[in-house]
Amino acid sequence: MNPQIAQLYQIAQKPSRLILGLMSGTSLDGLDLALCRFSGFGLNTQVELVKHQTIAYPEEFKQAIREVFAKEQIHFPSLSTLNAQIARLHAQYILDSLQSWGITPQEVDAIASHGQTVMHRPMRSGNLPDSTLQIGDGDHIAHLTGIITLSDFRQKHIAGGGEGAPLAVYGDYFLFSKKGEHRILLNIGGIGNFTYLSASQDPKDILVTDTGPGNTLLDAYVRQHFPGFHYDKDARLARQGILHIPLLDSLLNLPFFQEAFPKSTGPEYFNLALLNQVIQENGYSLTPVDTLRTLTELTAQSISKAMQRYIPAIQTMDCRLIVSGGGSKNPLLMERLAKINPHMQVSESDQLGIASEAKEAVLFALLANETLMDDQVAANRRLGDSPWLSLGKISLPN
Ligand SMILES: Nc1ncnc2c1ncn2[C@@H]1O[C@H](COP(=O)(O)OP(=O)(O)OP(=O)(O)O)[C@@H](O)[C@H]1O
Ligand SMILES: CC(=O)N[C@H]1[C@@H]2OC[C@@H](O2)[C@@H](O)[C@@H]1O[C@H](C)C(=O)O
């Protein structure tokens with residue numbers, strides 16, 4: 001037997017496993033690494049976040065990714081190069097992080113690598129299949145680190161009838177559901193998404209969807225109009241502006257917001273070209289800070305409307321809203337969410353025992369743990385509307 005297959009088998013039999021989760025999201029700010037110790041799986045999962053950090057990408061690397069990211073036309077050779085280049089950089093970040101944490105690669109049982117999304121293409125009409133593309137190949141990471149690597153988690157979700165996103169539902173349900181308490185786990189990254197976990201803890205009652213833009217339009221607008229700024233830190237710019245209600249209403253009328261749940265989206269749809277088109281078509285004239293105030297409101301309102309429409313009962317029940325992702329650090333956005341949803345108790349996900357900035361990397365580590373451990377896998381299992389499968393491809397180091 002290939003000794004690496006024997007090693008995989010042994011890892012799946014250990015009482016606990018050390019898995020390094022990697023996530024680099026749509027904000028392209030860098031790589032989140034979360035070293036997690038898991039025991040159990042499914043609703044019996046126990047996780048300890050042993051170490052975590054975010055390593056910022058060098059500016060020229062961010063720029064190279066932006067050249068192909070969510071673009072209709074690209075320099076195709078660059079995409080091929082980036083597939084290897086991202087993996088090599090991630091492998092280097094892994095080795096550097098492990099060294100700084102005093103942990104050897106031999107101690108790590110597996111890596112769970114999300115990769116960099118460069119295209120996400122749910123098709124809501126026509127005959128073409130949904131598709132999504134994450135690059136930063138897992139074989140390179142496995143070989144360069146010597147650690148078994150699981151990657152490319154979204155493909156089987158699509159094969160099973162999902163849209164490849166959001167996948168946070170697995171971790172949200174296994175780690176954060178609580179019998180007797182209705183909870184919404186909201187992540188505000190580039191795109192917003194939430195998982196509703198009913199007090200019943202029944203997987204049939206789960207609702208999970210993207211909501212629209214989180215920070216992606218805000219960040220892109222800041223980069224374009226305020227040279228040297230990457231995002232609206234502490235909403236200092238948006239707070240100087242005045243809400244432009246006609247623009248807000250026009251944006252909330254966009255087709256994405258009328259589509260049925262569950263749905264997923266990305267910067268392929270929510271980008272500055274779309275914003276400019278809406279502004280120009282309607283002949284609106286507004287200052288950059290007014291635009292930022294309005295985009296902040298768009299994020300707060302689109303999230304709130306999605307919760308009200310997809311989970312009508314939340315108007316009348318006690319429900320905790322637990323927020324993670326970079327958007328949870330935006331004080332104006334958090335203020336607006338609390339104001340629009342006075343019936344909900346709003347808190348940050350740190351209060352659940354996992355640092356907000358590490359949550360997504362932990363969730364991918366958890367997906368790898370499930371793929372290694374879940375002994376109930378079946379073709380037709382579902383978490384709400386989401387297929388419940390073992391996700392990710394396994395790369396052996398040698
Ligand atoms: N202090 C702050 N004030 C305002 N906004 C903030 C603050 N801190 C972070 N953010 C926002 O969060 C963004 C980073 O979010 P995050 O790290 O969740 O993105 P991501 O991991 O790329 O997201 P995803 O993968 O979910 O799309 C920043 O670009 C910024 O918009
Ligand atoms: C295709 C893709 O990378 N989608 C991301 C993105 O960032 C937020 C939102 O859009 C979500 O759908 C997803 O990531 C999280 C981790 C998810 O799958 O749950």
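All values derive from a computational prediction rather than experimental measurement. Order of listing sets the numbers, starting from 1, for every ligand and every atom in it.
Applying the salt bridge (charged side-chain N to carboxylate O under 4.0 Å, His left out) test between E163 and each of R154, R124, K263, R121 identifies R124 as the sole match.
The protein heavy atom nearest to atom 27 (O) of ligand 1 is T26 OG1, 2.3 Å. Ranking protein heavy atoms by distance to atom 5 (N) of ligand 1, first place goes to Y231 CD1, 3.6 Å. For atom 28 (C) of ligand 1, the nearest non-hydrogen atom of the protein is D219 OD2, 3.6 Å. When only non-hydrogen protein atoms are considered, atom 12 (O) of ligand 1 lies nearest to G326 CA, 3.0 Å. Closest protein heavy atom to atom 2 (C) of ligand 1: K329 O, 3.3 Å. The nearest protein atom to atom 22 (O) of ligand 1, hydrogens excluded, is given as S27 N, 2.7 Å; this is a heavy-atom distance. For atom 26 (O) of ligand 1, the nearest non-hydrogen atom of the protein is E360 OE2, 3.1 Å.
Residue D234 approaches ligand 1 through these ligand atoms, each under 4.0 Å from one of its heavy atoms: 1 (N), 2 (C), 3 (N), 4 (C). Atoms of ligand 1 lying under 4.0 Å from any heavy atom of G190, numbered from 1 in the order shown and given with element: 23 (O), 24 (P), 26 (O), 27 (O). Distances below 4.0 Å separate heavy atoms of N187 from the following atoms of ligand 1: 26 (O).
With a 4.0 Å heavy-atom cut-off, ligand 1 is reached by no atom of H230. Here M23 has side-chain heavy atoms under 4.0 Å from ligand 1, and that is the only part of it that gets that close.
Cluster partners of M123 are L128, counting Ile, Leu, Val, Met, Phe, Trp and Tyr whose side-chain heavy atoms approach within less than 4.5 Å, directly or via other members. Taking Ile, Leu, Val, Met, Phe, Trp and Tyr as members and joining any whose side-chain heavy atoms lie under 4.5 Å apart, directly or through other members, the hydrophobic cluster of I311 also contains I184, L186, I188, F194, Y196, L207, F261, I303, M307, Y310, I314, M317, L321, V323, L333, M334, L337, M344, V346.
A donor and an acceptor atom, one from each side chain of S304 and Q301, are nowhere located under 3.5 Å apart. With hydrogens and angles left out, the side-chain atoms of T54 and E357 include no donor and acceptor closer than 3.5 Å. Between the side chains of S390 and D374, no donor-acceptor pair of N or O atoms lies under 3.5 Å. Residues Q345 and S347 bring no donor and acceptor atom of their side chains to less than 3.5 Å of each other. Side-chain atoms of Q46 and S39 include no donor-acceptor pair closer than 3.5 Å.
Atom CG in L372 sits 11.0 Å away from atom CG in L367 (nearest 0.5 Å).
Contact annotation: L218 has no heavy atom less than 4.0 Å from any atom of ligand 1.
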N/O contact list for ligand 2, threshold under 3.5 Å:
residue: ligand 2; atom: 3 (O); partner: T117; partner atom: OG1; Å: 2.6
residue: ligand 2; atom: 3 (O); partner: R154; partner atom: NH2; Å: 3.4
residue: ligand 2; atom: 12 (O); partner: D210; partner atom: OD1; Å: 3.0
residue: ligand 2; atom: 12 (O); partner: D210; partner atom: OD2; Å: 3.1
residue: ligand 2; atom: 14 (O); partner: R154; partner atom: NH2; Å: 3.1
residue: ligand 2; atom: 18 (O); partner: R154; partner atom: NH1; Å: 2.7
residue: ligand 2; atom: 18 (O); partner: R154; partner atom: NH2; Å: 3.1
residue: ligand 2; atom: 18 (O); partner: L167; partner atom: N; Å: 2.8
residue: ligand 2; atom: 19 (O); partner: L167; partner atom: N; Å: 3.0
residue: ligand 2; atom: 19 (O); partner: A168; partner atom: N; Å: 2.8

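Applying the salt bridge (Lys or Arg N to Asp or Glu O under 4.0 Å) criterion to R183, with sequence neighbours excluded, gives E181.
Taking 4.0 Å as the cut-off between side-chain N and carboxylate O, K359 and E348 do not count as a salt-bridged pair.
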